[in-house]
Amino acid sequence: MDSQTPNTSLQRLQNVEKRIVRVLELAGGVMDELCNPSGPRKEFLSSHCGEFMQLIKDIQVTLRDEIKSACEYRPFEKCDYISRISNEICCEKLEYVIAQLDGMKETIDEYHNAV
């Protein structure tokens, strides 16, 4: 990839993948430095940790943007599945309420017949 800004989703995700690899390299470098028998070098740890945090932030921003743009793309926006399921649930609720009302009516009728 050249110095241009990535212009497709795939290019941006490939860039994220490269950043993730770099993050892992940085983490490995820090672990190696911490295991150094002469002790870790403060400037080395500081620069690696700073780059690590910046890359993590960049990755989060890019992934958030990619997820947002993917959510804006709705190939099934004319799909009526959600409305059909909502209607079926409402019908089931109404049938339940009707059954409860019928039960209450029977109880009232039995009470009036007994009196």
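- Every residue meeting the side chain to side chain contact (heavy atoms under 4.5 Å, CB included) condition with R41, not counting sequence neighbours, appears here in chain and number order: E33, E43, F44.
- Here SG of C49 is found 9.0 Å from CE of M53. Values are rounded to the nearest 0.5 Å.
- To the nearest 0.5 Å, atoms CG (L45) and CG (L26) are separated by 11.5 Å.
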Please set out all donor-acceptor pairs under 3.5 angstrom arising from side-chain atoms of residues 88-113, sequence neighbours excluded.
residue : atom : partner : partner atom : Å
T107    : OG1  : G103    : O            : 2.9
N113    : ND2  : D109    : O            : 3.3

Exercise for review: Take D58 and Q54, measure what side chain to side chain donor-acceptor pair (under 3.5 Å) needs, and give me the verdict at the end.
Suggested key: CA-CA 6 Å; D58 294 345; Q54 185 58 50; 2.9 Å; yes
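- One hydrophobic cluster, built from ILVMFWY side chains closer than 4.5 Å, cannot hold both I59 and V61; they sit in different ones.
- The hydrophobic cluster containing V23 does not contain V30, counting ILVMFWY residues as joined when their side-chain heavy atoms lie under 4.5 angstrom apart, directly or transitively.
- Using a 4.5 Å heavy-atom cutoff, the side chains of L63 and L13 are in contact.
- Rounding to the nearest 0.5 Å places CZ of R19 at 4.5 Å from OG1 of T62.
- Surrounding CD of E17 are at most 12 heavy atoms belonging to other residues, nucleotides or ligands under 6.0 Å away.
- Rounding to the nearest 0.5 Å gives a distance of 12.5 Å between CG of L24 and CE of M31.
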